[in-house]
Amino acid sequence: MTTITPAVLRPKQAAAYIQMSIPSFWRLAKNDPNFPRPFKLSENSTAIFRKDLDDWLAAKKESVK
């Protein structure tokens, strides 16, 4: 059986992926200039690239060292 890892995540999935609440996710998206920008897939659908989240997390890890 093949496991498919999505390239884009919806905000709820993205918040869970980086282990934070949805309000915290949106707060970061609004206030942190280094946080990846969510984008519109359609009028009622927002997404964020999983790779962008991975890169942001890696940068956060490096900045703590």
Side-chain angles (χ1 to χ4, degrees):
M1 184 169 174
T2 304
T3 302
I4 298 173
T5 304
V8 295
L9 302 171
R10 299 292 302 271
K12 186 175 180 180
Q13 296 169 313
Y17 184 72
I18 58 176
Q19 298 182 359
M20 64 176 50
S21 68
I22 295 172
S24 293
F25 170 85
W26 284 116
R27 197 174 308 106
L28 274 173
K30 180 180 178 184
N31 299 322
D32 184 345
N34 297 317
F35 192 74
R37 295 292 121 205
F39 60 93
K40 289 292 211 177
L41 290 172
S42 67
E43 185 177 333
N44 297 316
S45 181
T46 301
I48 191 166
F49 284 107
R50 183 180 47 82
K51 181 176 181 339
D52 291 347
L53 289 172
D54 290 337
D55 293 344
W56 177 78
L57 287 169
K60 292 294 275 186
K61 180 182 175 185
E62 290 301 316
S63 71
V64 174
K65 289 183 177 180

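Because the structure is predicted, anything quoted here is derived from the model rather than measured. Throughout, numbering of the chain's residues begins at 1 and tracks the sequence.
- Other residues, nucleotides and ligands contribute more than 12 heavy atoms inside 6.0 Å of the NZ atom of Lys40.
- Clustering ILVMFWY residues whenever any of their side-chain heavy atoms sit less than 4.5 angstrom apart, transitively, puts Met20 in a cluster other than the one holding Phe49.
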Run Val8 and Phe39 through side-chain contact (heavy atoms from CB on, under 4.5 Å) and show every step you take. CA-CA 10 Å; Val8 295; Phe39 60 93; 3.9 Å; yes

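- By the salt bridge (charged side-chain N to carboxylate O under 4.0 Å, His left out) test, Asp32 pairs with no residue at all, sequence neighbours left out.
- Residue pairs meeting the side chain to side chain donor-acceptor pair (under 3.5 Å) criterion with at least one partner in residues 13-25, sequence neighbours excluded, are Tyr17-Asp54, Ser21-Ser24, Ser24-Arg27.
- With sequence neighbours excluded, the residues that form a ring-ring contact (aromatic ring centres under 6.0 Å, His included) with Phe35 are Phe25, Trp56.
- Shown here are the side chain to side chain contact (heavy atoms under 4.5 Å, CB included) partners of Ser45, two or more places apart in sequence or in another chain: Arg10, Leu41, Ser42.
- Closest approach of Arg37 to Lys30, counting heavy atoms only: NH1-N, 4.3 Å.
- Taken to the nearest 0.5 Å, the CG atom of Leu9 stands 9.5 Å off from the CD1 atom of Ile18.
- The shortest heavy-atom contact between Pro36 and Pro38 is O-CD, 3.3 Å.
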